[in-house]
Structures are given as structure tokens and as C-alpha cells.
Number of protein chains: 2
Amino acid sequence: MTDKSQHLKDSVSLVNSYHKAAISVDCVIFGFEDEKLKILLIRSDLEQFKGKWSLLGDAIKENEELDNAANRVLLERTGMNDVYLEQFEAFSNPNRHPGGRVITLAYCSLLNIQHHELEITDNELHWHSVKSLKDKDLAFDHKMIIEKCFKWLQKRIQEHPLGFNLLPERFSLRTLQSLYEAILNIELDRRNFRKKFFSMDYLTDTGEYETDVKHRPGKLYAFNFEKYEKNKRKWTGIDF
Amino acid sequence: MTDKSQHLKDSVSLVNSYHKAAISVDCVIFGFEDEKLKILLIRSDLEQFKGKWSLLGDAIKENEELDNAANRVLLERTGMNDVYLEQFEAFSNPNRHPGGRVITLAYCSLLNIQHHELEITDNELHWHSVKSLKDKDLAFDHKMIIEKCFKWLQKRIQEHPLGFNLLPERFSLRTLQSLYEAILNIELDRRNFRKKFFSMDYLTDTGEYETDVKHRPGKLYAFNFEKYEKNKRKWTGIDF
DNA sequence: GCAAAAGTGTTAATTCTACACCCATGC
DNA sequence: GCATGGGTGTAGAATTAACACTTTTGC
């Protein structure tokens with residue numbers, strides 16, 4: 001046995017000595033429709049949580065990376081691909097799953113509801129407005145996970161151009177503002193909002209206009225992600 | 001068998017069917033000394049990584065929460081307790097550990113080096129300046145984890161009063177500024193820096209002064225965490 | 001022509017930046 | 001008394017907040 005394989009054996013037996021646990025991913029999938037922030041839920045598979053709503057989740061497979069697992073869950077449950085996904089937080093309370101210990105990694109996903117028609121709707125998969133959740137009973141610790149993730153989103157959307165993932169590629173400024181107002185639960189001044197976004201200079205005028213609208217149609221813009229990636233600044237100033 | 005225990009059995013067998021993996025925590029422990037940001041490392045236990053530096057980590061135990069595991073690692077390796085710790089990110093590359101699959105959760109910790117004398121220094125446990133790491137070879141994917149965590153810290157310290165965990169309870173404004181300059185790797189204007197912190201109004205004048213300093217001693221301040229918790233604002237404005 | 005939302009500018013207040021001199025202490 | 005860093009103020013620039021009227025379109 002060479003030195004190298006001896007080392008390998010040592011680290012293998014070390015890892016074998018570790019306690020092992022099941023690991024899952026749970027996707028908190030946000031969408032935006034009818035001026036409301038929504039979230040995608042299914043009825044829980046578990047008898048114990050019969051009637052309760054649940055995030056889309058699954059155990060990870062052997063040798064599967066967490067990010068891939070989250071993408072797979074999304075694909076399997078909704079048939080959709082190429083969606084913005086971000087690791088959010090791990091939840092490890094030993095009693096969070098009635099079937100035994102399952103550590104879960106919550107992922108946050110933002111997508112455009114119109115562009116992602118649900119191709120699979122097993123287990124009553126559908127969109128729920130985030131506001132309606134407070135009266136609903138959720139499986140596992142999913143209510144807590146959603147609340148934390150929502151707060152994270154509220155904060156993050158102010159500092160990163162996440163929100164555009166919830167909109168179609170071309171959108172009016174009114175829609176963009178509604179998005180911010182819905183997520184942050186505040187009202188914003190229309191003129192200042194426009195000024196702010198125009199001064200950032202990441203919106204491209206597509207030359208197109210809204211259609212099927214019963215008033216003066218607004219211009220449609222696209223967010224210039226490349227320009228943002230190039231220009232985003234590092235230092236923003238101490239402020240808390 | 002009652003309905004309830006039947007359900008329990010179902011979810012138990014479901015969880016039993018899941019793939020299980022070893023899970024570890026790795027603590028990225030920052031300290032501040034000699035005007036430099038430092039990080040605590042040990043020599044790797046593994047023969048394979050002989051001579052390489054490693055984060056402080058360990059596998060989690062049965063029924064142990066991740067946060068507790070991170071605190072335990074800190075206690076076991078350094079003898080210290082009651083330290084600021086925050087979950088950072090999960091790393092799940094199947095090849096990141098030579099002994100087999102180990103998913104790790106990186107935790108970030110900030111502590112005051114003077115107040116936490118190392119009581120245990122096995123495996124050459126000691127502080128390394130963050131800057132010196134770029135020439136060093138680290139075990140596992142720890143270099144990448146540290147880099148990501150450092151960037152996270154740079155961003156986070158601008159928006160949250162994290163940095164005070166690196167300082168003694170009473171500190172001079174000069175020290176506070178050095179801290180920001182060391183972490184962000186920039187120079188700041190002393191007058192504007194003071195104005196900024198005084199205007200936030202979270203610094204309490206302790207009435208004490210620096211000692212053992214060979215120039216005019218500076219006033220010592222304490223950060224008022226309670227006041228911060230009460231006042232911290234939700235809306236900061238869209239800016240990216 | 002009327003309803004509904006699009007589009008647009010100015011002013012005052014606030015915050016940020018840049019910058020220079022006197023002060024208190026140890027030696 | 002001199003070296004060292006502590007402490008302070010102001011003016012111009014930039015950003016933000018508050019606020020109302022005209023324009024375009026569908027009906």
C-alpha cells in the first residue's frame with residue numbers, strides 16, 4: 001500500500017466515523033402577479049401534515065450538490081429550468097421533521113409567473129399570495145423559513161437587482177414600482193422612483209410600449225445585467 | 001396501531017429511505033490585532049493535508065444543531081465561549097473532502113483576541129493575518145471558503161455593527177477606524193469617520209481614556225447594542 | 001370629452017466630501 | 001519643546017424628499 005492510499009484510507013475511515021444525516025433542500029419560490037408577491041406551495045406528501053401546505057423540497061441524492069438539488073426539485077415539481085436560485089440558510093432543528101433528523105437548506109428563487117406556466121400541478125401545486133400565508137398552517141417549519149426568507153428578500157431587493165427576475169424581460173416602470181411596493185409594503189413617490197432608476201442608468205429603453213392597457217401605454221424597459229455587473233461598486237459607505 | 005403512529009412510521013420510513021451524508025461545521029474566526037485582520041487556523045489533522053492550514057471544524061453529532069456544533073468546535077479548540085457566531089454558507093462539492101462526502105456549513109465568528117487568550121493551542125493553533133493567506137496552502141476548500149467569508153464580512157461590516165465584536169468593550173475612535181480600514185482595505189477621512197459615527201449616536205462616552213499610549217490619550221467609547229436594536233431602520237432606500 | 005395612468009422639474013433639506021488648524025500628552 | 005496623534009468646523013457638491021400639472025391613450 002502506498003503512502004498516498006494509506007492517507008486516503010485514513011481520511012475515509014475518519015469520514016466513516018462521522019454521524020450521518022439526511023439533507024434536503026426546500027425552495028422558497030417567489031413570483032409576482034396581480035400586483036402581489038406570491039409563493040409556490042404544494043400540499044404536503046406526508047399524512048401527518050395532511051391538508052397543510054409545504055415548500056417544494058426533496059432529499060439530496062448521493063454526490064449531488066445542493067445547488068443542483070434545488071434546481072432538480074424545481075424542475076421535477078414545476079417543469080421549469082434556468083431560474084434564479086440562491087442559497088439562503090440551513091435549518092437544523094433535530095425535531096423539525098417528524099420522520100427523523102433532516103437538515104434542510106432553504107433556497108430562494110424568483111421567477112416570472114407568466115413565463116413559467118406550471119406544467120405539473122400534482123399535489124395542488126399553485127401560487128399563494130405571501131400575505132395570505134399568515135392565516136395558513138404550513139408543514140414542518142416552513143412558515144418560519146418563509147418568513148425569514150421574505151425578510152431577507154425585502155432587504156436584498158433594496159441592494160441588488162433581484163426583482164427583475166420576477167418581471168418579464170420588458171416591463172414598465174409602473175410595474176417595477178408596484179413590485180417594490182408589494183414586496184416592501186410601502187408606497188413610493190412615482191417621480192422620485194423614476195429618477196432613481198434612470199440615474200442608476202441600468203434600464204434600457206426598448207422602444208416598445210405596453211399593449212392591452214386601457215390608458216396611455218407606458219414605455220417598456222429592460223434591465224441591463226451586464227452593465228450592472230461591470231459597474232457595481234464595492235464601497236457603499238458605513239451605514240447602519 | 002393508531003393512526004398517529006402509522007403516520008409516524010410512514011414519515012420515518014420516508015426519512016430512512018433518504019441518502020445520508022456527513023455534515024460538518026467550519027468556523028472562520030476573525031480577530032483584530034496590531035491593526036491587522038487575523039484569522040484562526042490549525043494544522044490539518046489529516047495526513048493528506050500534512051503541513052497545510054485548516055479552519056477549525058468538526059462533524060456534527062447526532063441531534064446536534066448546527067449553531068451548537070459551531071459553538072462546540074470553538075469551545076473545544078480554543079476554550080472560548082459566548083462568541084459572536086453567524087451561519088454563513090453551505091459547501092457541498094462531493095469531492096471537497098478526500099475521505100468521502102462531507103457537506104460543510106461555514107460559520108463566521110468575530111472575537112476580540114485579547115479577551116480570548118488561546119487556552120488550547122494543539123495543532124499549532126494560532127492567528128494568521130488574512131493578507132498572509134494568499135501565499136499559503138490551505139486544506140480542503142478552506143481557502144475558497146475564507147475568501148468568500150472575507151468578502152461577506154467586508155460587505156456586512158458596512159451595514160451592521162459587527163466590527164465591535166472584534167474590539168474590546170471600550171475602544172477609541174482611532175481603533176475603530178483602523179478596524180474599518182484594515183477590513184475594507186481603504187483609507188478613510190478621520191473627521192468624516194467621526195462625524196458619521198457620532199451622528200449615528202450609538203457610541204456611549206465611557207468617560208475613560210486610553211492609557212499606555214505615548215501621545216494624547218483618546219476617549220474610550222462603547223457601542224450601545226440595545227439602542228441599535230431598538231432603532232435600526234427597515235427601509236434604507238433602493239441602491240445598487 | 002372623460003377617465004386613467006404616463007410623463008416630467010423645481011426647491012428645500014439632508015448628507016457627503018474634502019480639507020487644515022489647534023490641543024493635550026509623553027518623552 | 002517637540003513629536004504624536006486627538007479633537008474640531010465649514011463650505012461646496014451630491015443626493016434625497018416633497019410636491020402638481022400636462023400629455024396621451026382607450027373608451
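From a predicted model like this one, the values you see are computed outputs, not experimental measurements. Note that these values count all heavy atoms, side chains included, but never hydrogens, waters or copies made by symmetry. Just so we're on the same page: letters track the sequence lines, and every chain starts at 1.
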Check: Within a radius of less than 6.0 Å around CD of B/E169, do more than 12 heavy atoms belonging to other residues, nucleotides or ligands occur?
Finding: no
Next item on the list: Identify, residue by residue, the members of residues 192-201 of chain B with a heavy atom below 4.0 Å from DNA chain D, and return them in order of residue number, or none.
Entry: B/R194, B/K195
Margin query: Rounded to whole Å, how long is the line connecting atom CD of A/E210 with atom C1' of C/dA6?
Written below: 9 Å
Checklist line | Derivation of the salt bridge (charged side-chain N to carboxylate O under 4.0 Å, His left out) call for B/E86 and B/R156 | finding: CA-CA 12 Å; B/E86 198 168 337; B/R156 208 158 155 79; 2.7 Å; yes
Notebook entry, point to check: Does the pair A/E147/A/K134 count as a salt bridge with the N-to-O cut at 4.0 Å?
Noted result: no
Next item on the list: Grab the CG-P distance between B/D189 and C/dT17 for me, whole Å please.
Entry: 10 Å
Check: How long is the line joining CD of B/E187 and C1' of C/dT17, in whole Å?
Finding: 16 Å
Checklist line | Nearest-nucleotide pick for B/K219, side chain only, options being D/dG9, C/dG9, D/dG7 | finding: D/dG7
Next item on the list: Look at all strands and tell whether B/R174 reaches a base, only sugar-phosphate, or nothing, counting heavy atoms closer than 4.0 Å.
Entry: sugar-phosphate
Next item on the list: Examine the base of D/dT4 for any acceptor or donor lying under 3.5 Å from a partner atom in the side chain of B/R216, and report the outcome as yes or no.
Entry: no
Next item on the list: Tell me, please, which residues at least two apart from A/D212 pass salt bridge (charged side-chain N to carboxylate O under 4.0 Å, His left out).
Entry: none
Next item on the list: Kindly indicate, with the supporting measurements, whether the criterion side-chain hydrogen bond (donor to acceptor under 3.5 Å, both in side chains) is fulfilled by B/T175 and B/S172.
Entry: CA-CA 5 Å; B/T175 307; B/S172 70; 2.8 Å; yes
Notebook entry, point to check: Starting at CZ of A/R233 and ending at C1' of D/dT15, how long is that distance when rounded to a whole Å?
Noted result: 12 Å
Checklist line | Rounded distance (Å) that lies between atom P of C/dA6 and atom CG of A/L173 | finding: 9 Å
Next item on the list: Starting from P on D/dT25, measure out to NE2 on A/H215 and report it in whole angstrom.
Entry: 13 Å
Next item on the list: Would you kindly give the CZ-to-P distance between B/R190 and C/dA18, to the nearest whole Å?
Entry: 16 Å
Next item on the list: Measure from CD1 on A/I238 to P on C/dT15 and round the result to the nearest Å.
Entry: 16 Å
Checklist line | The single option from B/F198, B/F164, B/F197 passing ring-ring contact (aromatic ring centres under 6.0 Å, His included) against B/Y221 | finding: B/F198
Next item on the list: Go through the side-chain N and O atoms of A/K136 and A/H128 and say whether any donor and acceptor fall under 3.5 Å apart.
Entry: yes
